[in-house]
Amino acid sequence: MTQPTDRPGIDQLTSDQLDQLYAERDWWHQAYLASRDYEDRRTAERDQFQRERNEQHARADKAEAALTAVRKLHAPVNHRGRTICGHCSGYGGGSCDNGPQGHPCPTIAVLEQHGQTIKERT
């Protein structure tokens, strides 16, 4: 059984009351659509942020891999009681093609200097 209310029944509404109900319904519908648009924009912004973050992580990983490769290429070797850069000295088979270049070589020194600068900034 339905409870009695003070509201008029649907068949008792005036034109003005119906217009007011339709206007209110339209207002709520527009508010709903605006909230959906807002949520869609926020979702798109979040997705874009995540894509950019993933790209930055990928670039950082590639840069780190490149630095590791350079450090490996310019690895220190022991030559006649002295630590030298194997790459810069042309070291191979116990002899140097170039004059022995002490380690850290200029390449490694620049990497270490740059790495120290980054650490100081953070």
Side-chain angles (χ1 to χ4, degrees):
M1 176 172 265
T2 59
Q3 297 291 330
T5 65
D6 293 336
R7 295 182 300 190
I10 191 78
D11 55 343
Q12 297 171 336
L13 292 175
T14 66
S15 253
D16 289 341
Q17 289 172 322
L18 278 173
D19 289 343
Q20 184 180 1
L21 283 174
Y22 285 129
E24 189 173 330
R25 182 205 59 187
D26 291 345
W27 184 90
W28 282 107
H29 183 69
Q30 290 302 317
Y32 166 76
L33 293 176
S35 71
R36 289 295 307 247
D37 288 345
Y38 174 77
E39 288 299 319
D40 290 346
R41 283 193 312 273
R42 295 289 295 155
T43 299
E45 289 170 359
R46 184 199 66 221
D47 292 347
Q48 178 66 24
F49 171 79
Q50 288 175 340
R51 278 192 299 277
E52 290 173 3
R53 184 194 63 205
N54 291 343
E55 289 170 5
Q56 289 173 347
H57 282 245
R59 284 194 305 269
D61 290 345
K62 286 180 183 179
E64 193 64 39
L67 289 171
T68 299
V70 169
R71 289 182 189 282
K72 186 175 179 180
L73 182 66
H74 290 268
V77 293
N78 198 357
H79 177 69
R80 297 183 182 169
R82 187 171 164 210
T83 304
I84 62 170
C85 172
H87 179 73
C88 293
S89 303
Y91 184 79
S95 67
C96 295
D97 292 339
N98 305 329
Q101 171 66 52
H103 195 276
C105 66
T107 301
I108 296 298
V110 167
L111 292 179
E112 288 175 354
Q113 180 183 6
H114 183 69
Q116 185 63 34
T117 303
I118 290 172
K119 288 177 189 170
E120 288 171 358
R121 279 191 237 156
T122 58

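The chain is numbered in sequence order, starting from 1.
At least one donor-acceptor pair under 3.5 Å links the side chain of Gln17 to the backbone N or O of Thr14. Checking side-chain atoms of Asp19 against main-chain N and O of Ala23 turns up no donor-acceptor pair under 3.5 Å. Of the possible donor and acceptor atoms, none in the side chain of Ser89 sits under 3.5 Å from a partner among the backbone N and O of Gly86. Checking side-chain atoms of Gln12 against main-chain N and O of Gly9 turns up a donor-acceptor pair under 3.5 Å.
A chain of hydrophobic side-chain contacts below 4.5 Å, direct or via other Ile, Leu, Val, Met, Phe, Trp or Tyr residues, connects Tyr22 to Leu13.
Note that the CG atom of Asp26 and the CG atom of Leu21 stand 11.0 Å from one another [nearest 0.5 Å]. One distance of note links CH2 of Trp28 with CG of Leu33; it measures 13.5 Å at 0.5 Å rounding.
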Run the numbers on Glu45 and Arg42 for salt bridge (Lys or Arg N to Asp or Glu O under 4.0 Å), then give the verdict.
CA-CA 5 Å; Glu45 289 170 359; Arg42 295 289 295 155; 3.3 Å; yes

Could you check Leu67 against Leu111 for side chain to side chain contact (heavy atoms under 4.5 Å, CB included), going step by step and ending with a plain yes or no?
CA-CA 8 Å; Leu67 289 171; Leu111 292 179; 3.3 Å; yes

Steps toward side chain to side chain contact (heavy atoms under 4.5 Å, CB included) verdict (Lys62, His57)
CA-CA 9 Å; Lys62 286 180 183 179; His57 282 245; over 6 Å; no

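Applying side-chain contact (heavy atoms from CB on, under 4.5 Å) to Cys85 and the options Pro104, Cys105, Pro76 leaves one that passes, Cys105.
Here the shortest heavy-atom pairing between Ile108 and His103 reads CG1-NE2, 3.9 Å. Between Gly102 and Arg82 the shortest heavy-atom distance is N-NH2, 4.0 Å.
Remark: Arg36 CZ is loosely packed, at most 12 non-hydrogen atoms of other residues, nucleotides or ligands lying under 6.0 Å away. Enclosure of atom CZ in Arg80 is not indicated, since only 12 or fewer non-hydrogen atoms of other residues, nucleotides or ligands lie within 6.0 angstrom.
The side-chain contact (heavy atoms from CB on, under 4.5 Å) check on Asp47 picks up Thr43, Gln50, Arg51, with sequence neighbours excluded. In this structure, the ring pair (Phe, Tyr, Trp, His ring centres under 6.0 Å) partners of His74, at least two apart in sequence or on a different chain, are His87.
For the residue pair Glu52/Gln48, the side-chain donor-acceptor check at 3.5 Å is satisfied.
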